[in-house]
Amino acid sequence: MTFKKPEKGFIEKYNRPYIIAGPCSAETEDQLIDTARQLASTGLVDLFRAGIWKPRTRPGTFEGIGAIGLEWMNSVKEETGLPLTVEVANKKHVEQALKHDIDVLWIGAKTTVNPFSVQELADSLKGTRAKIMIKNPINPSLSLWLGAIERLQAVGVEISAVIHRGFTEYGDKIYRHNPMWQIPIDLMMERPNLPIINDPSHICGNRTLLKDTAQKSLDLNFDGIMIEVHREPDAALSDAMQQVKPNVFENIIKDLVIRHEKRFDNSVEKDLISSRKKIDSLDSDIFSLVADRIEIIKSIGEYKKKNNISILQRGRWEELVNHSVIISKQLGLSLDFVQKILKIIHQESIDIQENILND
Ligand code: PEP
Ligand code: MN
C-alpha cells in the first residue's frame, strides 16, 4: 500500500486509510516516548494513541497511569509532532484531557454501552471544540452505538470517527471480540458520512490475525485502522498478547492492499453488472424456496395444534442437523455456514408455528 499525506483536516475521506497507532496504555514516560519515536519514524502514523485511564474488566490489574500520562503525551507531541488521542470515560477525564490539549478524545466500548456515562460525557463536551471518536459498545447493539452518536451530536460535538472493535461473546472463540461485520456495515448504511475506523487489536486479541482483519476492514471500505503498538509488547501492562512492535506494525500496514469501491473500467463494470443480475435472480430463487418451506411449516403447525403436539421434536431436530452435514459435504459449503442458515430458518419456523399454536 502506498501513502499520500492527507491534504485536509482530520479524517476527511482520504484516498488512503487513516492510521492511529500507539500503546494500549501509557506506562512510563520512556516507554511512551520511545514507542512514539519509533512509530513516527515509519512515517505511517496520523494520530498517536495511548490509554491513560484504563477500564479493566477485572480489578487488581493495571488501571492506567492517570493524569501524569497526559504530560508525557505532550512530550510525545513536542518530539514527534504527532497529534494525540486518549480515552475518556467521565467528566473529570474530559476536563483533564482538554486542559492538556489532547487533539482527539475517544469513548471506549465499556463506556458506549452505558447511556448515563455517554450523556455525562456529552454534557461535559458541550460548547468545547473537542473532537470525538466513539467505539462500538461491548454488546452487539447497533442502537446503543447510534444512541451514543446521537447524544454527542445533540450537543453539537464533532464526531470525527466511529471505531469498530468487536463484540463480547461467551466461551472459547477465534477472536477476542467477535467482529460481527454486519453491524459496522449497517452503521455505514445508516451514517454514510461518518468515517469508520477498524481496531483489529481489540477484535483479535492476538498478533496472528491482525493483518487479515485489517485487510478485511479495508476490503469493506473502512476509512482507517487503529492498532496497538508497544516497544516491548510481551512486557506490556495491558493487552500484551495483541500489541506488536513498531517494525511489525510497519510491515502490516505496508502489506495492506487498498481496493477501490468502484472500478471505472467499463468492461469490468459490465462484467459485474451481469454477475450481479445473476446474483439477484438467485437470491429470488433462494427466498422463493424458503417461502415454499414456510408454507409446509404452516400446515404442520395446524396439524400440531389440532393434535396438541409440541413444536420442538428433539429427534426431528437431530435429523435436520445430520442432514445439514450431508448437504455441506455434497455442495462443498462449510458446515458452520450451512448450520448457521439452518438455525435461522428453523427459528423462523418455530416462531411461525408458535403463532399458530397460540392463535
Ligand atoms: C483500548 O483501546 O485500549 C480499549 C480499552 O479499548 P476498548 O474500549 O475497545 O476495550
Ligand atoms: Mn487495549
Side-chain angles (χ1 to χ4, degrees), residues 18-27 31-32 35-36 39 45 47-59 61-66 69-70 73 84-90 93-94 97 102 104-114 117-118 121 132-141 144-145 148-149 152 159-169 173 175-180 183-184 187 196-207 209-210 213-214 217 222 224-245 249:
Y18 189 89
I19 307 292
I20 306 170
C24 178
S25 303
E27 298 167 2
Q31 166 254 1
L32 196 71
T35 304
L39 277 174
V45 179
L47 185 63
F48 181 75
R49 66 150 280 155
I52 303 297
W53 301 283
K54 299 301 298 178
R56 305 306 299 283
T57 308
R58 307 283 294 267
T61 49
F62 178 62
E63 297 203 315
I65 203 70
L70 296 171
M73 288 294 268
L84 309 168
T85 183
V86 303
E87 174 174 352
V88 290
N90 60 37
H93 296 164
V94 168
I102 300 298
V104 184
L105 311 181
W106 92 76
I107 300 178
K110 296 178 195 80
T111 305
T112 309
V113 75
N114 181 351
S117 301
V118 174
L121 287 171
I132 300 294
M133 302 188 291
I134 307 173
K135 286 198 168 195
N136 68 250
I138 52 174
N139 58 330
S141 161
L144 268 177
W145 203 359
I149 294 166
L152 286 147
I159 300 173
S160 301
V162 291
I163 302 173
H164 167 231
R165 52 76 81 192
F167 303 89
T168 302
E169 246 186 358
K173 55 235 177 232
Y175 294 102
R176 180 179 175 202
H177 298 115
N178 189 335
M180 298 187 182
I183 297 178
L187 186 76
I196 181 160
I197 305 276
N198 179 251
D199 171 352
S201 304
H202 289 89
I203 289 175
C204 298
N206 65 58
R207 294 164 202 153
L209 298 167
L210 285 178
T213 305
S217 75
F222 276 59
I225 288 158
M226 179 196 254
I227 183 163
E228 286 187 339
V229 183
H230 192 291
R231 69 168 171 184
E232 204 184 337
D234 289 333
L237 299 182
S238 60
D239 290 350
M241 308 259 283
Q242 69 198 30
Q243 301 202 61
V244 292
K245 291 190 177 191
F249 158 82

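Bear in mind the structure is a predicted one, so any value in this text is a computation, not a measurement. Worth knowing before you read on, the calculation uses all heavy atoms, side chains too, and leaves out hydrogens, waters and symmetry mates. For ligands, and for the atoms within them, numbers begin at 1 and follow the listed sequence.
- Taking the N/O/S atoms of D239 in turn, the shortest distance to the Mn ion (ligand 2) belongs to OD2.
- Near C24, the atoms of ligand 1 lying under 4.0 angstrom from a non-hydrogen atom of the residue are 3 (O).
- Q31 CD to I65 CD1: the interatomic distance, rounded to the nearest 0.5 Å, is 9.0 Å.
- Residue G108 approaches ligand 1 through these ligand atoms, each under 4.0 Å from one of its heavy atoms: 8 (O).
- Among protein heavy atoms, the minimum distance from atom 4 (C) of ligand 1 is reached at H202 NE2, 3.5 Å.
- When only non-hydrogen protein atoms are considered, atom 8 (O) of ligand 1 lies nearest to A109 N, 2.8 Å.
- Here CG of L237 is found 11.0 Å from NZ of K54. Values are rounded to the nearest 0.5 Å.
- Within 6.0 Å of NZ in K110 there are more than 12 heavy atoms belonging to other residues, nucleotides or ligands.
- Under 4.0 Å from ligand 1, not a single heavy atom of M226 appears.
- Note: T35 OG1 to F249 CZ = 12.0 Å, rounded to the nearest 0.5 Å.
- Looking at atom 6 (O) of ligand 1, its nearest protein heavy atom turns out to be K135 NZ, 2.9 Å.
- Within E228, the N/O/S atom positioned nearest the Mn ion (ligand 2) carries the name OE2.
- With hydrogens and angles disregarded, a donor-acceptor distance shorter than 3.5 Å links the side chain of T112 to the backbone of K135.
- In this structure, H164 and F222 have tilted ring planes: the angle between them lies in the 30° to 60° band.
- Here the shortest heavy-atom distance to atom 2 (O) of ligand 1, taken over R165, E87, K110, R49, belongs to R49.
- In this structure, H177 has no heavy atom closer than 4.0 Å to ligand 1.
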Please evaluate residues R207 and D234 with respect to the criterion salt bridge (Lys or Arg N to Asp or Glu O under 4.0 Å), reporting the C-alpha separation (whole Å), side-chain torsions for both, the decisive distance (0.1 Å), and the verdict. CA-CA 11 Å; R207 294 164 202 153; D234 289 333; 3.0 Å; yes
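- The N/O atoms of K54, backbone and side chain alike, include one that comes under 3.5 Å of an N/O atom in ligand 1.
- Atoms CD1 and CD1, from I197 and I134 in turn, are 13.0 Å apart once rounded to the nearest 0.5 Å.
- Within ligand 1, counting atoms from 1 as listed, the ones closer than 4.0 Å to a heavy atom of E228 are 1 (C), 3 (O).
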